[in-house]
Visitor: 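Below are the structure tokens for one structure; questions will follow.
Nothing fancy with the numbering, it's 1 onward along the sequence.
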Amino acid sequence: MERLRKHPLAQSPMPGDWAHLGARKVQVKKFPYTVIFVEEGDPIWVVAFAHHRRRPGYWRDRIR
């Protein structure tokens, strides 16, 4: 979370339809999770803490 706060635009942009919404992702070190978030100025909106193997894509409807 510290990486998101300090350098949100340095994280990888989401591919496809989510790119135009400004969605980005960052992998959690030492754990099989990716944090999907949208940076809108000062607030950072966390969309999901997505596990790499469990229920892939469950969060996709949240980003609208």
Side-chain angles (χ1 to χ4, degrees):
M1 295 307 292
E2 190 66 27
R3 283 189 290 168
L4 296 183
R5 220 177 349 209
K6 287 185 177 182
H7 308 287
L9 298 178
Q11 309 310 320
S12 300
M14 291 293 296
D17 296 337
W18 299 282
H20 75 279
L21 297 172
R24 296 183 172 271
K25 64 181 177 179
V26 62
Q27 290 188 1
V28 179
K29 292 181 180 178
K30 300 183 183 180
F31 295 98
Y33 287 92
T34 297
V35 179
I36 295 107
F37 67 97
V38 176
E39 189 264 337
E40 294 182 348
D42 186 30
I44 294 176
W45 298 94
V46 175
V47 176
F49 288 94
H51 193 280
H52 291 178
R53 293 190 182 102
R54 295 184 187 161
R55 295 183 357 182
Y58 78 94
W59 54 268
R60 289 186 175 136
D61 288 338
R62 295 180 181 182
I63 205 154
R64 294 181 190 165

Visitor: Could you report the tightest heavy-atom contact between V26 and F37, atom names first, then the distance?
Guide: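 The pair with the smallest heavy-atom distance is CG1-CE2, 4.4 Å.
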Visitor: How long is the span from the CD atom in Q11 to the OG1 atom in T34, to the nearest 0.5 Å?
Guide: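 Nearest 0.5 Å value for the CD-OG1 distance: 11.0 Å.
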Visitor: Residues two or more places apart in sequence or in another chain: which of them pass side-chain contact (heavy atoms from CB on, under 4.5 Å) with P32?
Guide: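 H51, H52.
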Visitor: Nearest 0.5 Å please: distance from the CZ atom of F49 over to the CD1 atom of I36.
Guide: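 Those atoms lie 9.5 Å apart.
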